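Step one of this worksheet: look at the structure below.
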Amino acid sequence: MKKKLNIKTATLLSIIVCLGLLILFTLLNDSPKCYLLSSSNSNLSGNMSSIKVAEDYKWWNGKSFTSETAESNLYIKFDNKSYNVDYIYSRYDNYNSFATDYYGNTRGVTFGINSNTGELVYINLKTLSFLRSEPKLEDVDNIKETGKELAEKYATIYIDLSDYILYSTSQKPYQSSSDSKGKMTFLTYTFVKIINDECSSAYISVQITSKGHLASIVVGDINAFSEENTKKANAFNNVDIDNLVLNKLKTITRNLNSPLFEITKKYYALTPDNEIVICITAKCQYQTNDSNNQTQTESIAFEFIIK
């Protein structure tokens with residue numbers, strides 16, 4: 001004969017079950033989730049009616065705006081030169097936690113100011129006169145190494161190089177439209193801070209000409225990853241990021257023919273709300289038929305946020 005549970009035992013078991021369900025519910029809701037930020041193909045709108053777009057899109061959408069707090073004009077000193085510049089617009093760039101206020105002058109020099117700190121985070125010296133005169137100069141010998149040394153010199157104005165890696169080096173040829181003999185190469189050196197074996201929005205890109213002169217500097221969110229924020233990033237250590245993104249891609253592209261997916265980049269970032277997230281870029285290739293019923297390969301680029 002089975003023993004009947006007394007009221008105390010039954011109550012205790014009910015409490016244990018409820019606590020277990022509560023813990024499970026909390027874990028499921030607190031675990032990082034994948035949100036779509038943007039897609040390069042508007043034809044997917046019908047597929048994405050049930051896909052939640054990240055609220056961070058209100059900042060990271062590439063759109064410019066007019067700041068109510070930006071100074072109308074500034075006097076900027078850089079590299080032993082002085083510039084009077086006027087306010088143009090503001091924008092959240094490259095998954096930065098701050099907006100950049102952009103300024104320029106009639107010569108075409110452009111600067112960007114961190115709207116939170118007032119620091120200079122964007123320098124573009126490629127004016128029309130620069131692009132006409134620079135290619136006429138002689139190329140520097142061993143420019144790859146010389147360019148790297150110059151890039152490191154400018155980067156150390158902003159960062160401790162020991163905390164960063166030289167993530168990429170790229171070269172882009174340029175020829176003056178006004179002088180067929182005027183040629184040069186832009187060499188871009190990008191230094192990135194690594195967080196949990198992944199790239200981050202803390203970076204600096206320095207562009208040098210093959211003539212040995214600075215062309216531009218772009219500074220990312222170099223102050224984003226304090227010791228506290230770096231610890232917050234550890235919450236993603238046991239998360240299967242690739243699986244989260246691939247599942248989202250499968251849902252979004254469920255009506256496409258033979259979709260193939262590739263995650264192209266992952267990096268940590270800090271939102272303007274002071275939240276650590278992982279940003280992912282991915283692409284999908286799929287098949288379509290043209291008017292002659294010939295198979296064509298199409299491609300879509302995606303941006304996602306894990307948080």
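If you read the sequence from its start, that first residue is 1, and numbering goes on from there. For clarity, every value in this text was computed on a predicted model and none was experimentally measured.
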Original post:
Where do Y102 and Y89 land on the ring-ring contact (aromatic ring centres under 6.0 Å, His included) test, with the steps shown first?
Top reply: CA-CA 5 Å; Y102 285 94; Y89 60 83; 5.1 Å; yes
What residues form a side chain to side chain donor-acceptor pair (under 3.5 Å) with [X], not counting sequence neighbours?
X	value
T185	none
S162	D160
T264	T281
K248	none

Original post:
For L260, what are the other residues in its hydrophobic cluster, where any two members join if their side-chain heavy atoms are less than 4.5 angstrom apart?
Top reply: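 None; L260 is a cluster of one.
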Subject >> Side-chain hydrophobic cluster, 4.5 Å single linkage: members besides L137 >> reply: none
Original post:
Is the centre of the F111 ring less than 6.0 Å from the centre of the Y122 ring?
Top reply: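 No, they do not, as the ring centres are separated by 6.0 Å or more.
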Original post:
Between R91 and D93, does at least one N-O distance fall below 4.0 Å, as a salt bridge requires?
Top reply: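 Here R91 pairs with D93 in a salt bridge, since their nearest N and O are under 4.0 Å apart.
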Original post:
Taking 4.0 angstrom as the limit, do K183 and E134 come out as a salt bridge?
Top reply: no
Subject >> E68: partners by salt bridge (charged side-chain N to carboxylate O under 4.0 Å, His left out), with sequence neighbours left out >> reply: none
Subject >> Test salt bridge (charged side-chain N to carboxylate O under 4.0 Å, His left out) applied to E198 - qualifying residues, sequence neighbours left out >> reply: K266
**OP:** Quick one: which residue pairs count as a ring-ring contact (aromatic ring centres under 6.0 Å, His included) with a foot in residues 197-229, not counting sequence neighbours?
**Re:** none
The criterion is side-chain contact (heavy atoms from CB on, under 4.5 Å); which residues satisfy it with [X], sequence neighbours excluded?
X	answer
E138	none
T66	Y87
A233	I195, N196, Y268, I276

**OP:** State, without any angle test, whether Y267 and S201 hold a side-chain donor-acceptor pair at a distance under 3.5 Å.
**Re:**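 Distance-only check fails for Y267 and S201.
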**OP:** Say whether, by atom type as modelled, one donor and one acceptor occur between the side chain of N96 and the main chain of Y92 under 3.5 angstrom.
**Re:**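 No, N96 side chain to Y92 backbone: no donor-acceptor pair under 3.5 Å.
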